[in-house]
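What's counted below: heavy atoms across the whole structure, side chains too, no hydrogens, waters or symmetry copies. Residue numbers begin at 1 in each chain, while the letters A, B, ... track the order of the sequences. Being a predicted model, the structure only gives us computed values, none of them experimental.
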Amino acid sequence: MGSQRVSDPEHTASAEPEGADAHTPEGVGPAGSAAVVAEMRTTRQRRRLGDTQWGELAYRVYTTGFFVFVVVIMVSGAIGDRPASQSAIERAGEVGPAWAGLLLAVVLLAATRSGSRGGPLALEEADVSHLLLSPADRSRTLRRPVAGILGYGVFTGLVVLALTGSLLSQRFPGGTSEFVWSGALFGAVLAAVALGAALFTASRLVPAWVVAGIAGILVLWAVADLADRAPMAPTTFAGRLLFWPMEGAASGSAGLVWVVVALALCAMGVHFIGGLSIEAARRRTQLVGQLRFAVTQQDLRSVVLLRRQLASEIPRRRRWFPWPRSRRPGLAVLDRDMQSISHWPTVRILRVFGLALVAALATRGVFSGTTPLVVVAGIAAFVAATDATEGLSQEVDHPALLESYPHEEGRIMLEHLAAPVITLMFMGSAALLVVYLLDPSAQVLRVGAITVVCASLTAVAGSAVSTVSQVDTGTDNAMAITPEVAGPRLVMRTAWPPLLATVGFLPALLAANASAGSDPAGLAATAALPVFALVGIVAGWVRLRTRIHQALAESMPG
Amino acid sequence: MNQRRRSGAPRKSGLGRSTTGTVEDDHEPSGTTPERSDHGVARTAPKASRRKRRTAPMVETEELEKSYGDIVALAEIDLEVPTGEAVVLVGHNGSGKSTLLGMLAGTLEVTGGSASIAGNPPDSVEARRARSWLPDNPVLYDDLTVDEHLSYVSRLHGGPGQGGRIDELIERLGLSERRDDLPSQFSRGLRQKTAIAVALCRPFELLLVDEPFVGLDAQGRETMLELLAEAAADGATLMVATHDPQVIDQFDRGLVLSNGELVADCEASALHDHLPSN
């Protein structure tokens, strides 16, 4: 170690002119900083392009294109459902814009929430450290990433809602191209409003609670409008854009005001983004990096977990409900999971309920004849179940703890599934109640109740398969898997869990296709039997997976 | 909180000059054209303005607090660090050293009280211009070479972006052979050396450093100490957090943090009594 003191001037006296003062930083003008940042980005981009494996990229484009093509063909075939009845068309013309408006309001609320945590930007950590902590103008520095995220977001919204418009045109009168254009316009507005609001909130020009409060009021207004309890909500005007071509629907021209709102929010967001929180930006850089990796690994469980961290979800100190500790050792795992659920933060409860509501509304759509919505219901239920099976996830993430119990790990993992099933059944019932209030019908209630039970079971089963598959049974090396098997196996591991969750909606699907005179609820109950059998098989697999793997490994030659 | 001191009291330090902020021992002809160092940075200023600058503390906090929900990471820190003082922060893991430095560096939000860098909020352009921050974990671009890192960062802060200081740092930190390599291919130690060079290649008045010796070999550690000494000799204010008891004697002043509170503020040489092991 050096013998000189850090603050000893004699050490450097010969190297520095006498009387030398501190390093006195000189400023560099905004234009100078912008030029340096631009040059740096160009250098980086050039190097990245130089490192790109073009063959691999072309293969990825090819496989992605092929996958999209197959999906489009499948969806197009599935969409060919029967045209809506006249009453359904009239009903859609009346409430469709309000539903679309509610979607806009909810997305807006979610966006302001994301913005209050530094979203939607996901910068590189080095950019935060070296660019945002430099004297360079932050708004100017961030203009390019902001433009990138706006462009990507608006394009995605445009494409997704254009496809939705195409779907609507299959069932409602108005012309395919017209629906595609109006859907594209609504999608672009939806994305631009959401991203603009998020950027504006992130800029901290106005306290986040004010922006979130306005978005919350819009949500409540949209709900009240939907229930005919309030004058037309502002967001309903935007919703009219989506249904513009439909005969009988109100004109969408008033919704064009939202185009101006979207542009204004984006402009303000871009202009003021320099005020974003560096702490939030740094936090996002670290978590978003992990999130992207998890997405590339199709690891939905990690995605959900990291998203929770990104949202700074902290368990509540006070419980939502009392859960007395049982003295029976057999109920210890259930107790632990219910204790955990009783501390869920409000936002997680709302999210799981929101997902249950999406699944319930989609199921109602399936029951009405829009078969493809079963995919939406299945995915929503699966994501909700991934959130609910946190106890199991924690066990899997701490294998040493799992191995330390004086019980077989399969038993522990199986016991972890009880609490999520109870939770999803509760949330599903609440969502069903909302659907019933919107559309009071005894058939909806009966078919819905059967579907809630089945879907809760299969959603948890799907989540369990996804989670438990990641547990190392210690036999992976012994079970040599050829590349021909490994590929399909990976696809199955990724696709099977959500598919399993979707099977739970089979009762609603069969009930929707009940012939005249037959009882839809009876058909749904019949469909529940194979669903229960499937869930039983999955439960057995969770319980005995390690033993099965060991037996297979032992049976392998060598 | 015991032994908390509101401001840096007059005392004699290893610098051989008072650290209360006077410049009476500096012999600078007033009104002269500022000289430029080999860093391309103005190193002198008219005496009047220098006196004014030195009179104001470089770092000042008033009831500075950082909390995460119910968890208080740093509780009501009152601190005044005069310009040119070399301060070492010690404390056990989770004591609040990095939190304090992070708030001064502008990477953490202040949740209570206030902090200022040369009289400006930590997030202001003026503070960003005056302060250089070397975090405990090197943060570097995967697709920029060592040379490019130093060049761009230097230029962003008004430096020349080449030659002089950059070449010197690269050579002294033993990076000459690797200056055209990407840090993503480096070991932890080499990445740390690159981060040190990045933090020091630009002009600054305040240097905030968190655990600078982690991952460094003996030579790197020696060079780091020399570089810190030179920065202090140039009049920069230093605040360095470390767990290394062997280096604390090199500083003027020591701060001991424990459980988010400032429990001691004393001469650095007296810190040994307050180290966590004691």
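- The contact between B:E148 and chain A is made entirely by side chain atoms (from C-beta outward), counting heavy-atom distances below 4.5 Å.
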For A:R44 and A:E39, run salt bridge (Lys or Arg N to Asp or Glu O under 4.0 Å): C-alpha distance rounded to whole Å, both residues' side-chain angles, the deciding distance at 0.1 Å, then the answer. CA-CA 9 Å; A:R44 296 186 61 208; A:E39 191 185 323; over 6 Å; no
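- Not one N or O on the side chain of B:R131 forms a donor-acceptor pair closer than 3.5 Å with the backbone of B:I117.
- Between the side chains of B:S98 and B:D210, a donor-acceptor pair is found at a separation under 3.5 Å.
- Of the two parts of B:T145, the backbone and the side chain both hold a non-hydrogen atom closer than 4.5 Å to a non-hydrogen atom of chain A.
- A donor-acceptor pair under 3.5 Å is absent between the side-chain atoms of B:E126 and the main chain of B:A118, judged by distance alone.
- Remark: B:Y141 engages A:H130, B:H149 in a ring pair (Phe, Tyr, Trp, His ring centres under 6.0 Å) (not counting sequence neighbours).
- For B:A105, the part lying under 4.5 angstrom from a heavy atom of chain A is the backbone only.
- Contacts between A:S134 and chain B at a heavy-atom distance below 4.5 Å involve backbone atoms as well as side-chain atoms.
- Contacts of A:Q45 with chain B are absent, with no heavy-atom separation under 4.5 Å from either backbone or side chain.
- No donor-acceptor pair under 3.5 Å is formed between the side chain of A:S114 and the backbone N or O of A:A110.
- If you measure heavy-atom distances from A:R282 to chain B, the contacts under 4.5 Å come from the side chain alone.
- Seen from the ring of A:W320, A:R318 does not count as a face-on cation partner, given the 6.0 Å and 45° thresholds.
- In this structure, the portions of B:D123 lying under 4.5 Å from any heavy atom of chain A include both its backbone and its side chain.
- Most heavy-atom pairs under 4.5 Å with chain A: of the set B:V153, B:L144, B:V125, this distinction falls to B:L144.
- Heavy atoms of B:V198 lying under 4.5 Å from chain A belong exclusively to its side chain.
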